Every structure is written in C-alpha cells, then in structure tokens.
Amino acid sequence: MEKLTQAQIQCCAEITWTAELERREIPMLTLATPGLDREAGYLIQAHRAGLAAEAGHRLTGYKLGSTSLRKRQQMGTATSSYGRLYDYMAVQNGQALELSTLIHPKVEPEVTFVLGRDLCGPYVTAAEVMHATDHVVGSLEVIDSRYIDFKFTGGDVVADNISGARYVLGTKPMKPDKIDLALLGVVVRNNGQDLAYAAACEVLGHPARAVAELANNLCSREGLPLLAGQIIMTGGITQSFTLARGDCITTDIAELGGVCLPVV
Ligand code: OOG
Ligand code: MG
C-alpha cells in the first residue's frame, strides 16, 4: 500500500516544480503531507520528472546526494539519495551564474562520470562502473533547495529532486583507469582564498561506488537503467558553500583539473 494517493503525489510534484520555475521558497511538503517519507518522495520525484519532460527539458543524467561524511554531517543524514539532471541545469566552465535566477544557492565540488555503456542494476559493482565509464571530469554542483532556509526531511528533499539546480563540468576528460580516483586531492577556493581540502575517497571510499549504488537503486525502485552518454554526479566531496554576488568559486581536483564559477 502506498502511503500517498496519486492525487497527493501529483500535487506535491507540481508544488516543488512550480517553486523551482518561479524561484520561490516553499514550506516543507511534509508539514501538510506527513506520510511523505523517502519512498513517497521518489514517487513524487518521478512525477516531477514527467513535468520537466512535458516542459521540453531533456534528462542528461543523475546526481547522488549525501555520499560523503562531510555532506552527511552538514545535512544531518546518514542516507544517500539520488536526483535527476537536465539540460537546462548546465553551465559552461567559467560562465557566470546569475544569482537572481536561483533562491539561495550553495556550491560543492564533485567527481562526475560520463558513461560509455549502459548499466542495469540491481547487481552492478564499482568495477563494472569503471568498465562502463567513458571518462570522468571534475565538476561543481550548484544546489538550491526550494524549501525555506534550506531545511527539509529525507522525504521532502527527495521530492524536490534533491535540490538540483545547476552543474558545471570540467573541460579535461580523463579515462578512469588512468588515475587513482580515490586519491584525487580536492581544493575549493573563493576568489583565491582556500575554503576546503579533501580527497575524492570522501565519497563512499571511491566515487565509482556511488554510481553503482545509483544503478542498483534506480533499477530496484523505478526499473530504470543508466544509459550510455548520461552524466552521473557522485555527490559533494566537501560541505557545500553558500554563494554570494562577487564570488568566484574554483575547484581543483588533481589530474581532473580546474572548474570555475563566477557569481554575478
Ligand atoms: C541535497 C543535495 C545533496 C550532494 O552532493 O550531497 C547533494 C541537499 O543536501 O540539499 O547534491
Ligand atoms: Mg551534489
């Protein structure tokens, strides 16, 4: 038995999608819909994906959330999650982000996989992910919860496409077997000032594990495969940082090179 009715699922999906379109903060959906747990959140997210598709947006891949200890501590959760990426979210490396187009955005450094072959769960391993990957790039993700004060429960955030807003991919693609993905050193800076240091193994010990987890959960929950060409963002390696006008955020992820996001 599902906890929410089809009408509730549709209504919740429309509220968070409209809030994203209108750049408007909304109260947590769980306040009015207490039965909205994580599983119901994924039903809402899938319905929301239909609304994005109807609006003409193309799915470019998926993103994982709360895969590193630092993100889990920051958000007060021990459970990772996934959301969808679309063409409208892409920002070119070095291109300015207009703060006025979002609500209260934050940024975080991530390792992103671009698949060369399809991956079908539910028994995908990290080794299979490495084989199926065409290349990896460094990246910055801009998250922008639609909820007031960036506060939510697990069900709320999943229903809200886990705060997905924008992404910037690095311009130096690397074959995954040419580098040690777990040991990549990460630096995040704002206007040249260091904000954080980390290593990519912060993400589940090795970021390929996040892709495997996604492939398996997406199959078990929604019966969907990951497809060749899709981009998979494996989750914030450090905590996320609130963006302000005049910021120029860069991340350098060892051999993956630099990614830069000026904010205007
Ligand atoms: C959900 C998005 C989390 C990540 O990389 O951990 C995420 C949130 O915490 O707002 O994108
Ligand atoms: Mg992220």
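In this text, all values refer to a predicted model and were calculated from it rather than measured experimentally. Index from 1, following the sequence. Counting starts at 1 for both ligands and their atoms, following the listed order.
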Self-check item: Protein residue, atom and distance nearest to atom 2 (C) of ligand 1, heavy-atom basis
Solution: I162 O, 3.1 Å
Quiz item: Nearest protein heavy atom to atom 3 (C) of ligand 1, by residue and atom, and its distance?
Solution: G65 CA, 3.7 Å
Self-check item: the Mg ion (ligand 2) - number of protein N/O/S atoms closer than 2.8 Å
Solution: 3
Practice problem: Can you label the angle between the Y88 ring and the H57 ring as parallel, tilted or perpendicular, going by 30° and 60°? | Solution: tilted
Self-check item: Inter-residue atom distance L224.CG - Y62.OH, 0.5 Å rounding
Solution: 5.0 Å
Practice problem: Treating Ile, Leu, Val, Met, Phe, Trp and Tyr as nodes and any side-chain heavy-atom pair under 4.5 angstrom as an edge, say whether M75 and L204 lie in one connected cluster. | Solution: no
Practice problem: Please confirm whether T67 comes within less than 3.5 Å of ligand 1 when only nitrogen or oxygen atoms on both sides are compared. | Solution: no
Self-check item: Spacing of CG belonging to L36 relative to CZ belonging to F152, to within rounding of 0.5 Å
Solution: 13.5 Å
Quiz item: Any N/O of G236 closer than 3.5 Å to an N/O of ligand 1?
Solution: yes
Exercise. Return yes if a side-chain donor-acceptor contact under 3.5 Å exists between R23 and T101, otherwise no.
Key: no
Quiz item: At what distance is the nearest protein heavy atom to atom 10 (O) of ligand 1, and which residue and atom is it?
Solution: S163 OG, 2.8 Å
Self-check item: Numbered atoms and elements of ligand 1 in range of E110, under 4.0 angstrom, heavy atoms
Solution: 5 (O)
Exercise. Drop me the distance from K71's NZ to I237's CD1, to the nearest 0.5 angstrom.
Key: 11.5 Å
Quiz item: Non-hydrogen atoms of S66 versus ligand 1: any pair closer than 4.0 Å?
Solution: yes
Quiz item: Between the side chains of T153 and D156, is a donor N or O closer than 3.5 angstrom to an acceptor N or O?
Solution: yes
Quiz prompt | Sub-4.0 Å heavy-atom approach of T77 to ligand 1 | solution = no
Quiz item: What heavy-atom pair brings I148 and E25 nearest, and what distance separates the two atoms?
Solution: CA-OE2, 3.6 Å
Practice problem: Check each atom of ligand 1 against the heavy atoms of V157 and keep those under 4.0 Å away; list them by number with element. | Solution: 1 (C)
Self-check item: Interfacing atoms of ligand 1 (cut-off 4.0 Å, heavy-atom, G235)
Solution: 5 (O)
Quiz prompt | F152 neighbourhood, listing ligand 1 atoms whose heavy-atom distance to it stays under 4.0 Å | solution = 8 (C), 9 (O), 10 (O)
Quiz item: Can you list the ligand 1 atoms lying under 4.0 Å from a non-hydrogen atom of K63?
Solution: 2 (C), 11 (O)
Quiz item: Going by an N to O cut-off under 4.0 Å, is there a salt bridge joining E39 and R221?
Solution: yes
Quiz item: Does CD in E22 sit with more than 12 non-hydrogen atoms of other residues, nucleotides or ligands closer than 6.0 Å?
Solution: yes
Quiz item: At what distance, to the nearest 0.5 angstrom, does CZ of F113 lie from CG of L64?
Solution: 10.5 Å
Practice problem: Answer yes or no: is there a side-chain heavy-atom contact under 4.5 Å between V107 and E141? | Solution: no
Quiz item: Could you go step by step and tell me if L261 and V142 meet the side chain to side chain contact (heavy atoms under 4.5 Å, CB included) rule?
Solution: CA-CA 10 Å; L261 181 70; V142 177; 3.6 Å; yes
Quiz item: What atoms of ligand 1 come closer than 4.0 angstrom to any heavy atom of F150?
Solution: 10 (O)
Quiz item: Which of the atoms of ligand 1 are close to M75, meaning less than 4.0 Å from one of its heavy atoms?
Solution: 9 (O)
Quiz item: Of the listed options (M233, K71, E108, K106), which comes nearest to atom 5 (O) of ligand 1 when hydrogens are ignored and any heavy atom counts?
Solution: E108
Self-check item: Proximal ligand 1 atoms for I143, defined as those under 4.0 Å from one of its heavy atoms
Solution: 10 (O), 11 (O)
Practice problem: Answer with yes or no whether the side chains of Q230 and T60 bring together a donor and an acceptor at under 3.5 Å. | Solution: no
